[in-house]
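Data block below; observations after.
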Amino acid sequence: MSDSANLAERMWFIPDYSVLAPASRAVVGRKMELYAGLMENLDFHIGELIAHLKEIGEYENTIFIVFGDNGAEGNDLGAMIAGQPGSLNSLFFASKWSNNNVNAWGEPGSYVGYGPGWAQASMTPFSQYKGWLGEGGVRNALIVSGPVNKRAKGSINNGLMSIADIMPTLLDITGTSYPKTHNGKELPPMIGKSWTKVLAGEAESPRNSNDYLAWELFGNRALRQGDWKLRWEYAPFGKSDWELFNVAKDPSERKDLAAANPTKLKEMIGLWEDYVKKNNVILPSRSPFEGVYDVLPARFPVDAGYPPLINKRQYTPPVELIKTSK
């Protein structure tokens, strides 16, 4: 990552932690405490699994692949599950997760999400989080351990890899080939690339500069080729138009280079159209983001010197200009 990279702009509907009241700070702090406890519990049970594998003599014959589910989750899944009050989903949620008092969070019958503020903090320095196609929604850490990993312990690799690569990697490791047909029907080709050369220390990435990855989610779309990323997201989270970023120099996607690089933009859009054709991508005619304008505040650049007034700080004159009584 570039040493000159900036942090992503704080999403405009997330209040600055410094302006929260003490009670609100305690509530959001409690959410992270629960998340940290969950991670500690996960770590403990992974340790139990490793101990068992060693006990039965299978530890050295096991490959561990650890990664997250997209970016951090900042959406209110409880509200999404419940849906409209009085609906079957709402009644189901109320009967299963009714223990929602803050003092009961973490107990049986409670349902807690740590919210958009922690989600964006967790994805620092990237923009957005799970559900969108900013780097904060699609980039994640990956740990691979086991006999196939010959790289130096503790080394970090920055190659462009994808969850779609796991299947061809495991097929390579197990000496198994991908079938051409299943039940008499031709199977689509795999879009992933094997990691075996990367794990062996013979390559830094399973992809060359001409390979690309592409995604579509809720009508939002993106494509990555080398250091370049093409992105189209519905307003207000995007521009409802193509944006172009160099994510090696600008991993937080703060500078749209589409206007300055029309040739590269056209080339990347051509790759997207190729992806759509090869993978039978059908873009929806409507977006689940249609209703956000009614529930989100107006979007302003998040800057300490720019409205809304919640971003303003009280002016404090320099000490030498403050008159003191003798």
Inset, instruction - Determine, for Asp256 against Arg231, whether the closest basic-nitrogen to carboxylate-oxygen distance falls under 4.0 angstrom. - result: no

Inset, instruction - Check for a donor-acceptor pair, side chain of Asn149 on one end and backbone N or O of Ser145 on the other, with a separation under 3.5 Å. - result: no

Legend entry - Glu204/Arg151 ion pair, N-O < 4.0 Å: yes

Legend entry - Side chain proximity check, Phe289 to Asn220, heavy atoms < 4.5 angstrom: yes

Inset, instruction - Kindly write out the residues that satisfy side-chain hydrogen bond (donor to acceptor under 3.5 Å, both in side chains) with Glu290, not counting sequence neighbours, or none if the list is empty. - result: Arg286

Legend entry - Side-chain touch Trp232/Ser240, heavy atoms, less than 4.5 angstrom: yes

Legend entry - Contact check, side chains of Ile269 and Leu230, non-hydrogen atoms, under 4.5 Å: yes

Legend entry - Arg139 side-chain N/O to Pro251 backbone N/O, donor-acceptor pair under 3.5 Å: no

Legend entry - Gap separating the CZ atom of Phe13 from the CG atom of Leu296, nearest 0.5 angstrom: 6.0 Å

Legend entry - Which residues share a ring pair (Phe, Tyr, Trp, His ring centres under 6.0 Å) with Trp12, sequence neighbours left out: Phe237

Inset, instruction - Check which hydrophobic residues are tied to Ile156 through side-chain heavy-atom contacts below 4.5 Å, counting indirect links as well, and list them. - result: none

Inset, instruction - Compare all side-chain heavy atoms of Val198 with those of Met161 and state whether any distance is below 4.5 angstrom. - result: yes

Inset, instruction - Compare all side-chain heavy atoms of Lys264 with those of Trp228 and state whether any distance is below 4.5 angstrom. - result: yes

Legend entry - By ring pair (Phe, Tyr, Trp, His ring centres under 6.0 Å) - contacts of Phe245 (at least two apart): none

Legend entry - Trp272 and Tyr275 aromatic ring geometry - parallel, tilted or perpendicular at 30°/60° bounds: tilted

Inset, instruction - Indicate yes or no for a side-chain donor-acceptor contact from Asp250 to the backbone of Arg254 under 3.5 Å, with no hydrogens or angles considered. - result: yes

Legend entry - Other ILVMFWY residues reachable from Val66 by side-chain steps of under 4.5 Å: Ile143

Inset, instruction - Determine yes or no for a side-chain-to-main-chain donor-acceptor pair under 3.5 angstrom, with Asn261 supplying the side chain and Leu244 the backbone. - result: no

Legend entry - Distance-only polar pair, side chains of Gln225 and Asp211, donor-acceptor under 3.5 Å: no

Inset, instruction - Find out if a path of hydrophobic residues (ILVMFWY) with successive side-chain heavy-atom gaps under 4.5 Å connects Leu142 to Phe64. - result: no

Legend entry - Pairs touching residues 114-130 that satisfy side chain to side chain donor-acceptor pair (under 3.5 Å), sequence neighbours left out: Asp69-Lys130, Tyr114-Ser122, Ser127-Glu253, Gln128-Glu233

Inset, instruction - Using a cut-off of 6.0 Å, state whether more than 12 heavy atoms not belonging to Ile282 lie near its atom CD1. - result: no

Got a list of side-chain donor-acceptor pairs under 3.5 Å for residues 169-183, not counting sequence neighbours?
residue : atom : partner : partner atom : Å
Thr169  : OG1  : Asp165  : O            : 2.7
Thr169  : OG1  : Trp195  : N            : 2.9
Asp172  : OD2  : Ser194  : OG           : 2.7
Asp172  : OD2  : Thr196  : OG1          : 3.3
Thr174  : OG1  : Leu170  : O            : 2.7
Thr174  : OG1  : Leu171  : O            : 3.4
Thr174  : OG1  : Thr176  : OG1          : 3.1
Tyr178  : OH   : Pro188  : O            : 2.8

Inset, instruction - For Ile63 and Val148, run side chain to side chain contact (heavy atoms under 4.5 Å, CB included): C-alpha distance rounded to whole Å, both residues' side-chain angles, the deciding distance at 0.1 Å, then the answer. - result: CA-CA 7 Å; Ile63 300 169; Val148 296; 4.1 Å; yes

Legend entry - Min side-chain heavy-atom separation Tyr111-Asn100 under 4.5 Å: no

Expected list for residues 45-52: side-chain donor-acceptor pairs under 3.5 angstrom, two or more places apart:
none

Legend entry - Glu135/Lys229 ion pair, N-O < 4.0 Å: yes

Inset, instruction - Say whether, by atom type as modelled, one donor and one acceptor occur between the side chain of Asp76 and the main chain of Ala79 under 3.5 angstrom. - result: yes

Inset, instruction - Can you sort out the partners of Lys278 under side-chain hydrogen bond (donor to acceptor under 3.5 Å, both in side chains), two or more places apart, ordered by chain and number? - result: Asp274

Legend entry - Leu223 side chain reached by Leu213 side chain, heavy atoms, under 4.5 Å: no

Inset, instruction - Measure from the side-chain N and O atoms of Asn246 to the backbone N and O of Ala248, and report whether any donor-acceptor pair falls under 3.5 Å. - result: yes

Contacts under 3.5 angstrom, residues 81-99 side chains, donor-acceptor by atom type, not counting sequence neighbours:
residue : atom : partner : partner atom : Å
Ser87   : OG   : Ala82   : O            : 3.4
Ser87   : OG   : Gln84   : O            : 2.6
Ser87   : OG   : Ser90   : N            : 3.2
Ser95   : OG   : Leu91   : O            : 3.3
Ser95   : OG   : Phe92   : O            : 2.8
Asn99   : ND2  : Pro108  : O            : 3.2

Legend entry - Note, Ser252 side chain near Leu7 side chain (heavy atom, < 4.5 Å): no

Inset, instruction - Check whether NZ of the Lys or CZ of the Arg Arg224 lies under 6.0 Å from the centre of the six-membered ring of Tyr212 and within 45 degrees of that ring's axis. - result: no

Legend entry - Residues clustering with Trp105 (ILVMFWY side chains joined when closer than 4.5 Å, directly or via others): Val27, Leu34, Val102, Val112

Inset, instruction - With rounding to the nearest 0.5 Å, note down the distance linking CG in Asp227 to OG in Ser209. - result: 10.0 Å

Inset, instruction - Answer yes or no: does atom CE of Met80 have more than 12 heavy-atom neighbours from other residues, nucleotides or ligands under 6.0 Å? - result: no

Inset, instruction - Can you sort out the partners of Glu58 under side-chain hydrogen bond (donor to acceptor under 3.5 Å, both in side chains), two or more places apart, ordered by chain and number? - result: Asn61

Legend entry - Side chain Lys150, main chain Pro147, donor-acceptor under 3.5 Å: yes

Legend entry - Nearest atoms (heavy-atom pairs only) where Gly159 meets Ser205: CA-CB, 3.8 Å

